[in-house]
Amino acid sequence: MERPLVSRHSGVLLPPARNGGSRAHGAPRVPGAHRAAPAGEAVAPEAKACIRILVVDDEYLLRESCAQVLRHEGYEVTLCGRGEEALDLVKRRAFDILLVDLYMSQVDGLTLLRAALTTNRDTIGIVMTGNPSVDSSVQALRQGAWDYLPKPFSATHLQVLIGRAVHTLLVARETRDQQAELERRHLPGDKPTLLGTAPAFRRAVELARKVAPTDASVFITGESGSGKEMIAQFIHQHSRRSSRPLVAVNCAALPETLLESEMFGHVKGAFTGAIRDKPGLLEMANGGTLFLDELIEMPKPIQAKLLRVIQDGVVRRVGSEGTDAVVNVRFIAATNRDPEEALRSGMLREDLYYRLRVVPIPVPALRERPDDVPVLAAHFLDHYWRRHRGADEPLPTLSNAAIWALRAHSWPGNVRELQNVMEHAVVLLEPGADVGPEDIPFVSDQKVDVELAAEAEDVNADDGYYAARGRLLAKFDRRYLTRVVLRAGGNLSKAARMARVDRTTFYRLMERHGLQRNLLNGPDE
C-alpha cells in the first residue's frame, strides 16, 4: 500500500509514483477525490510545459512536495505560503490550475478561487484540506471548485487528479478553437441561433436570456422539434458555465436499468458486464449543465434518486455502498407533454417538478409563428448550401410562391421538420436557382398549398395593396365558386348551402365573376 505524499504527523516525503496506487491509509474517502483517470487522458510533454499551476498552502513541506511531483511531470509550478500573497498574485496573473488549501488564515482557499476565476474563468480550482467532510466538499464545489483533495494524499493521487484537470483544460481549449474556426468560416447554424419575431417566441428567448447568467433550474415545454434543445443550448452558452460541458440525456430513449447506469454511473461488478467503474452523466456534467430531455418519461425510482442529487449534490453510483462524487450541476429539463397532466396521472413526482420548474419557458409551435417561417427557411437554406455546396456557388433564392407554400404548411414536425426539408431541397437544387413550391419536398400532401402559393406569382409588386388584394380575392372567389358548384353536381341551391350563404347571394356572386349558372347543366331547385 502506497504511503501518503506527506504524512500529517511525520512529514515523510515520497518520490513521485509512476504506477497506480490505492487510497492512502487513514485518509477519509471524500467524494470525487480519488476517481481513476479515464482512459485516453495521456498528456503530451509539450502540452504539460504550457500548463501553469499555482500551489498555495501554509505548510512548507506539503507545497514543496507537491512542487517536486508536479515539476517532475513537466508542469510550470509557482508556490505561495500565504493566502494574501497568493491573492495579489492571481489578480495580476492567470493560472490554469489552482491547488489551494481550503482553510488558511486571513485569506481562505475559496476567496482565492473566486479571485482566480475573475482573472481567468477557465481556471480549474482544486481545494485541499486536512479536515474533509461531505459538507465542506459540497460548499467548495458549489463555490466553483473543480474537485476536492483530502490530506494526506499520495503522489499517485496528485498525479491522477492533475492529469484529469489538464485533460479537461485541453478539451475545452480545443472546443473553443473549433468554434472559432467555424465562426471564421462563417458557418451559421453550428451554434444556437434563435431566429424569429413572433411575440410568444420572443418572450421565450427573453426569459432564456434573463435566466442564463444565473444557476436557476429551467423547465422548457413545447412540441417535439419546436426548439427546446436550442433554448437549452442558448442558456448554457450564455451562462457562467459555458466553458464546461453541456450534457444531454434523453430520458425516453433508454430502459430504466440502463438509464440509471448512464445517469449515475456504476461500480465494477454492479451487474453483468460492469467490468470497471464508470462515471455517469452527472459526473461528466460537473461544473456544467445537465439537459434532461423528455423528463416525464423518466421512471419514478430514478426521479427519486435524481431529486436527492439536486438537493445535496451527492452522487451514488449503481452498486456502490457509499458516496462516490459531489457534483455542481445546473439542471435544464424539457418535455413535449403537459406536465400538469403528468402530475395528475402520477407519472411525474411533484417535488421533482417544482425543484426543476424554477423558471418555466414555453416554446410555441412553428404553426403559431408563420411569419418566422420564411426567416428560418432562408437561414437553413444558406446554412446547408454552405455546408453541402460551399460558398463559391451562387446561393438559390426563395420565390414568393415558395414562401407562400412554406407559410401555408402546418409543420407538424415544427422547426426540425423545416430544417430537414430545406436540407433535402439544397441537395437537389441548382446553383443560383429560383426556388419554387415544386422544389420543396414537403413530407405531407401539399397539393392545395402549392396551388395557392403559385398564385402569389400573379402579384405585381408595383401595384397598390388594395388593387393587388382585389385581384387575388377575385381569383379566389372564382375558384371557390367553381369548386363548390362542381362538388354540388351543378345544383346551385345545394352549392349555396355548402358555402353557408343564402341562394340569392350565391347567384349574385356567380354573376359578378362571370360564371354561368348551368356550369354543369345540373338541376336547380
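All values below come from the heavy atoms of this structure, side chains included, with hydrogens, waters and symmetry mates left out. If you're wondering where the values come from, they're calculated on a predicted model, not measured in any experiment. All residue numbers refer to positions in the sequence shown, counting from 1.
- Look at Glu423 and Arg387 and you find no salt bridge, because none of the NZ, NE, NH1 or NH2 atoms lies under 4.0 Å from a carboxylate O.
- Side chains of Glu260 and His266: a donor-acceptor N/O pair is absent below 3.5 angstrom, by distance only.
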- Step-by-step side-chain contact (heavy atoms from CB on, under 4.5 Å) determination, Ile310 to Leu356: CA-CA 9 Å; Ile310 296 173; Leu356 294 172; 3.7 Å; yes
- Task: Could you give me the CA-CA distance, side-chain angles and deciding distance for Arg344 and Glu341, then say whether salt bridge (charged side-chain N to carboxylate O under 4.0 Å, His left out) is met?
- Result: CA-CA 5 Å; Arg344 288 190 292 270; Glu341 175 60 32; 3.0 Å; yes
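- For Asp96 (side chain) and Ile53 (main-chain N/O), no donor-acceptor pair under 3.5 Å exists by modelled atom type.
- With rounding to the nearest 0.5 Å, the separation of CG in Leu376 from NE2 in His383 is 13.0 Å.
- The line from CG of Leu290 to CG of Leu282 is 5.5 Å long, rounded to the nearest 0.5 Å.
- With respect to the salt-bridge test (charged N to carboxylate O, under 4.0 angstrom), the residues Glu84 and Lys91 do not qualify.
- In this structure, the side chains of Gln68 and His72 stay at 4.5 Å or more apart for every pair of heavy atoms.
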- Yes or no on side-chain contact (heavy atoms from CB on, under 4.5 Å) for Glu340 and Tyr353, after CA distance, side-chain angles and deciding distance? CA-CA 10 Å; Glu340 299 294 338; Tyr353 175 56; 3.5 Å; yes
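- The residues Glu262 and Lys278 are annotated as salt-bridged, a charged nitrogen and a carboxylate oxygen being separated by less than 4.0 angstrom.
- Between Val426 and Tyr384, the closest heavy-atom pair is CG1-O, 3.6 Å.
- Proximity of a side-chain donor or acceptor of Arg52 to a complementary backbone N or O of Ala94 within less than 3.5 Å is detected.
- By the 4.5 Å heavy-atom criterion applied to side chains, Val56 and Leu99 are not counted as neighbours.
- In plain terms, the two heavy atoms of Arg308 and Asp312 that are nearest each other are O-OD1, 2.7 Å.
- The number of heavy atoms from other shown groups lying within 6.0 Å of CE (Met347) is above 12.
- Closest non-hydrogen pair, Ile124 versus Ala165, comes out as CD1-O, 3.3 Å.
- A side-chain donor from one of Asn414 and Glu223 sits under 3.5 Å from a side-chain acceptor of the other.
- Contact detail for Ala216 and Val358: the closest heavy-atom pair is CB-CG1, 4.0 Å.
- Between Glu283 and Arg317 a salt bridge is recorded (basic side-chain N to carboxylate O distance below 4.0 Å).
- Within the 3.5 Å criterion, the main-chain N or O of His238 finds no donor-acceptor partner in the side chain of Ser242.
- Judged purely by atom type and a 3.5 angstrom limit, Gln303 uses its side chain to pair as donor or acceptor with the backbone of Met298.
- For the pair Leu418 and Leu366, the minimum side-chain heavy-atom distance is below 4.5 Å.
- Rounded to the nearest 0.5 Å, atoms CZ (Arg82) and CG (Leu87) are 11.0 Å apart.
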- Task: With side-chain contact (heavy atoms from CB on, under 4.5 Å) as the test, would you mind laying out the steps for Val55 and Val77 before giving the verdict?
- Result: CA-CA 7 Å; Val55 180; Val77 182; 4.0 Å; yes
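- Residues Thr214 and Arg330 have side chains in contact (heavy-atom distance under 4.5 Å, counting atoms from C-beta outward).
- Looking at Pro213 and Arg240, their side chains never come closer than 4.5 Å, going by heavy atoms from C-beta outward.
- Residues Lys228 and Val415 have side chains not in contact (no heavy-atom distance under 4.5 Å, counting atoms from C-beta outward).
- The CZ atom of Phe264 sits 6.5 Å away from atom CD1 of Ile302, with the distance rounded to the nearest 0.5 Å.
- Taking the charged nitrogens against the carboxylate oxygens, Arg386 and Asp392 have no contact shorter than 4.0 Å, which rules out a salt bridge.
- Residues Ile235 and Ala208 approach most closely at CG1-CB, 3.7 Å, considering heavy atoms.
- Side-chain contact between Ile361 and Thr221 is absent, with no heavy atoms from C-beta onward closer than 4.5 Å.
- Residues Arg357 and Pro339 form no side-chain contact, since every pair of their non-hydrogen atoms from C-beta on lies 4.5 Å or further apart.
- Taking the six-membered ring wherever Trp is involved, the centroid distance between the rings of Phe331 and Phe291 does not fall below 6.0 Å.
- In this structure, CG in Asp293 is found 8.0 Å from CG in Asn336, a value given to the nearest 0.5 Å.
- Checking Thr129 against Asp101 by side-chain atom types alone, no donor-acceptor pair falls below 3.5 Å.
- Once rounded to the nearest 0.5 Å, the distance linking CD1 of Ile162 with CD of Glu73 reads 10.0 Å.
- A donor and an acceptor atom, one from each side chain of Arg241 and Asn328, are located under 3.5 Å apart.
- Taking every heavy atom of both residues into account, Pro360 and Leu207 meet most closely at O-CD1, 3.7 Å.
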